[in-house]
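Input: a single structure, listed below in structure tokens.
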Amino acid sequence: MIVISLALILVAVALLVLGLASGSSLLLVVSIGASLLAAVALVAGARQAAAARSTTQRDTAGGRSVTIPAQHVPPTTNDGASGWRQPPGPPAGAAPGANAGTAEAYDDEPPAQEVTPEQAVLVSRLSDEVRVVDGRPRYHLDECAHLVGRDHEPLPVAEAVELGFTPCATCAPDTTLLSQSGRR
């Protein structure tokens with residue numbers, strides 16, 4: 001496509017020169033048309049080349065092309081970017097098998113608040129803010145005693161539930177949020 005584009009550009013320039021020299025408006029119009037076709041061919045060729053370079057890799061053993069799909073893999077460690085949250089569970093970098101077979105990653109973690117499936121669905125639709133501690137499995141109300149002395153951050157309760165956090169039994173955020181919303 002790029003070779004065709006270069007050829008069309010040469011034809012367009014030749015037609016332009018002939019049209020100007022002879023005073024023929026037909027040659028000038030054809031020159032403009034050839035220039036437009038050259039531009040289209042150039043863009044199409046550049047896109048084809050870029051797509052081929054980004055999705056194809058040579059397999060040195062077989063000499064054949066292999067398509068490698070692009071995929072996004074979120075980071076599993078804190079890379080310093082804003083918005084990163086470690087999911088609930090053992091902290092990143094914990095020894096393999098640490099706390100294996102237990103639901104709790106920490107001895108000082110409060111138990112989960114008991115809620116019915118219906119209540120859990122209602123809470124997952126709320127936009128109220130709760131507090132989470134990175135790597136800990138519970139979400140809390142702002143005044144929860146479990147948050148004292150710990151770095152925590154605000155998060156919409158719907159997002160906390162989606163990320164796998166569960167309500168703290170100490171501050172009972174689901175009961176409070178549902179009663180405030182009138183959906184108890």
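Basis for what follows: all heavy atoms, side chains included, without hydrogens, waters or symmetry-related copies. The structure presented is a predicted model; accordingly, all values stated were derived computationally and were not measured.
- The shortest distance between side-chain heavy atoms of Pro173 and Pro167 falls below 4.5 Å.
- A side-chain donor-acceptor contact under 3.5 Å links Ser31 to the backbone of Ala12.
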With side chain to side chain contact (heavy atoms under 4.5 Å, CB included) as the test, would you mind laying out the steps for Phe165 and Val157 before giving the verdict? CA-CA 9 Å; Phe165 291 93; Val157 69; over 6 Å; no
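- The shortest distance between side-chain heavy atoms of Arg136 and Asp108 falls below 4.5 Å.
- Here the closest non-hydrogen pair linking Ala158 and Ser124 is CB-O, 3.1 Å.
- Under the side-chain contact (heavy atoms from CB on, under 4.5 Å) criterion, Ser5 pairs with Ile9, Ala38, Ala41, Leu42, sequence neighbours left out.
- Two residues are said to be in side-chain contact when any heavy atoms from C-beta on lie closer than 4.5 Å; Val132 and Leu163 fail this criterion.
- Every residue two or more places apart in sequence or in another chain that forms a side-chain contact (heavy atoms from CB on, under 4.5 Å) with Leu28 is listed here: Leu16, Leu20.
- Contact record, Cys168 with His140: CB-ND1, 3.2 Å, taken as the closest heavy-atom pair.
- Partners of Asp142 according to the side chain to side chain donor-acceptor pair (under 3.5 Å) rule, which considers only residues two or more places apart in sequence or in another chain, are Arg131.
- Note that CG of Asp128 is 12.0 Å distant from CG of Leu155, once rounded to the nearest 0.5 Å.
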Pair Asp134-Glu153, side chain to side chain contact (heavy atoms under 4.5 Å, CB included): steps then yes or no: CA-CA 8 Å; Asp134 277 349; Glu153 60 184 294; 3.2 Å; yes
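- Cluster annotation: Leu26 and Val11 are assigned to the same hydrophobic cluster (Ile/Leu/Val/Met/Phe/Trp/Tyr, side-chain heavy-atom contacts under 4.5 Å, transitive).
- The side-chain heavy atoms of Leu36 and Val40, taken from C-beta on, include no pair separated by under 4.5 Å.
- Gln119 places a side-chain N or O within donor-acceptor distance of the main-chain N or O of Thr116, the cut-off being under 3.5 Å.
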Between Val115 and Leu178, is a side chain to side chain contact (heavy atoms under 4.5 Å, CB included) present by the stated rule, with each step listed? CA-CA 11 Å; Val115 293; Leu178 287 173; over 6 Å; no
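- Residues His152 and Leu147 form a side-chain contact, since some pair of their non-hydrogen atoms from C-beta on lies under 4.5 Å apart.
- Distance check: Ile32 CD1 to Leu27 CG gives 11.5 Å after rounding to the nearest 0.5 Å.
- Between the side chain of Gln113 and the backbone N or O of Asp174 there is at least one donor-acceptor pair closer than 3.5 Å.
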